[in-house]
Amino acid sequence: MALDPKLLDILACPEDKGPLLYFADEAVLYNPRLKRRYDVKDDIPIMLIDEATAVDDAEHDRLVAKAEADGVTPTFEA
């Protein structure tokens with residue numbers, strides 16, 4: 001199940017307060033500015049900085065390309 005669109009409209013990175021990219025098929029919210037991903041478990045975003053996963057350049061490039069190819073837009077306009 002995907003996250004509620006109303007929730008996505010207000011979700012922001014807990015560290016830099018900027019928008020995120022949501023990949024429903026991977027159950028991940030991604031901050032391309034900090035190269036940090038937040039897992040979504042049982043339709044609940046885990047938005048704790050300490051539980052975020054840093055990604056390497058290759059994974060960053062993959063996620064950014066996937067966002068472009070799939071039409072993924074930021075959770076809100078900054």
Side-chain angles (χ1 to χ4, degrees):
M1 177 182 277
L3 292 178
D4 185 320
K6 291 177 186 174
L7 176 61
L8 286 174
D9 286 344
I10 62 170
L11 271 178
C13 175
E15 187 165 343
D16 75 359
K17 311 300 187 241
L20 301 164
L21 299 174
Y22 174 51
F23 298 97
D25 60 334
E26 296 185 27
V28 165
L29 288 154
Y30 181 60
N31 179 337
R33 298 168 306 285
L34 300 178
K35 296 184 180 177
R36 187 169 292 145
R37 61 188 279 161
Y38 298 91
D39 291 328
V40 177
K41 296 180 182 175
D42 297 322
D43 298 327
I44 299 169
I46 310 302
M47 303 301 294
L48 301 171
I49 295 170
D50 292 342
E51 294 199 23
T53 305
V55 303
D56 61 18
D57 289 339
E59 178 68 357
H60 169 78
D61 292 344
R62 182 188 77 80
L63 288 169
V64 170
K66 180 178 173 63
E68 283 186 32
D70 294 352
V72 174
T73 59
T75 52
F76 62 88
E77 295 298 320

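This chain uses plain numbering: 1 for the first residue, then up along the sequence.
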> Looking at CG of L11 and CZ of F76, how far apart are the two atoms once the value is rounded to the nearest 0.5 Å?
Replying inline: 9.0 Å
>> If I take atom CD from residue E15 and atom CG from residue N31, how far apart are they, to the nearest 0.5 angstrom?
In response: 8.5 Å
> Given side chains that start at C-beta, do those of H60 and P32 come closer than 4.5 Å, heavy atoms only?
Replying inline: yes
> Atom SG in C13, atom CD1 in I49: separation rounded to 0.5 Å?
Replying inline: 6.5 Å
>> I'd like to know if M47 and L8 are part of one continuous hydrophobic network [Ile/Leu/Val/Met/Phe/Trp/Tyr, side-chain heavy atoms within less than 4.5 Å].
In response: yes
> Is a donor on one side and an acceptor on the other found under 3.5 Å between the side chain of D16 and the backbone of G18?
Replying inline: yes
> Step by step, would you call L21 with F23 a side chain to side chain contact (heavy atoms under 4.5 Å, CB included)?
Replying inline: CA-CA 7 Å; L21 299 174; F23 298 97; 3.9 Å; yes
> Does any non-hydrogen side-chain atom of V40 lie less than 4.5 Å from one of V28?
Replying inline: no
> Crowded around D4 CG? As in, over 12 foreign heavy atoms under 6.0 Å?
Replying inline: yes
> Can you check whether K41's main-chain N or O pairs, donor with acceptor, with D39's side chain at less than 3.5 Å?
Replying inline: no
> With distance as the sole test, does T75 use its side chain to make a donor-acceptor pair with the main-chain N or O of D9 at under 3.5 Å?
Replying inline: no
> Do I46 and Y38 come within less than 4.5 Å of each other through their side chains, counting heavy atoms only?
Replying inline: no
> Any donor and acceptor pair, going by atom type alone, linking the side chain of D70 with main-chain N or O of V72 inside 3.5 Å?
Replying inline: no
>> If the threshold is 4.0 Å, N to carboxylate O, is there a salt bridge linking R62 and E26?
In response: yes
>> Quick one: does any side-chain atom of R33 pair with a main-chain N or O of L20 as donor and acceptor, under 3.5 Å?
In response: no
> Any ion pair linking D61 and K35 (charged N to carboxylate O, less than 4.0 Å)?
Replying inline: no
> Any sub-3.5 Å donor-acceptor pair from Y22's side-chain atoms to L3's backbone N or O?
Replying inline: yes
